[in-house]
Amino acid sequence: MKKKPIEASCISCGKHNLTKNEVGINKKLMGENIETYYCLDCLADYLEVSVDDINAKIEEFKEEGCALFE
Ligand SMILES: [Zn+2]
């Protein structure tokens with residue numbers, strides 16, 4: 001089965017080509033079925049946390065071996 005390329009862009013600032021990790025953390029924090037994504041900056045803003053907090057979360061999920069992250 002071919003993998004679909006991820007072509008997500010930030011709904012807030014329009015940043016293109018969000019990374020797999022950016023898309024993954026959106027799904028983790030906002031729900032698996034979301035169709036709109038935020039870049040890390042806008043996600044942090046939206047959740048009222050720092051980008052460092054988001055990156056720490058990504059690392060946590062990666063350590064758990066979550067397939068949404070690389
Ligand atoms: Zn953005």
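Every value quoted in this text rests on a predicted model; they were computed, and no experiment measured them. Start at 1 and go down the list; that is how both ligands and their atoms are numbered.
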Selection residues 12-42 - residue pairs positive for ring pair (Phe, Tyr, Trp, His ring centres under 6.0 Å), sequence neighbours left out
Y38-Y46
Could you pull out all residues at least two apart from K28 that satisfy salt bridge (charged side-chain N to carboxylate O under 4.0 Å, His left out)?
none
Counterpart residues, salt bridge (charged side-chain N to carboxylate O under 4.0 Å, His left out), relative to K62 (two or more places apart)
E59
Check whether any side-chain heavy atom of [X] sits under 4.5 Å from a side-chain heavy atom of [Y], and report yes or no.
| X | Y | value |
| --- | --- | --- |
| S12 | C39 | no |
| D45 | D41 | no |
| L40 | N55 | yes |

Every N, O or S from the protein that is nearer than 2.8 Å to the Zn ion (ligand 1):
C10 SG, C13 SG, C39 SG, C42 SG
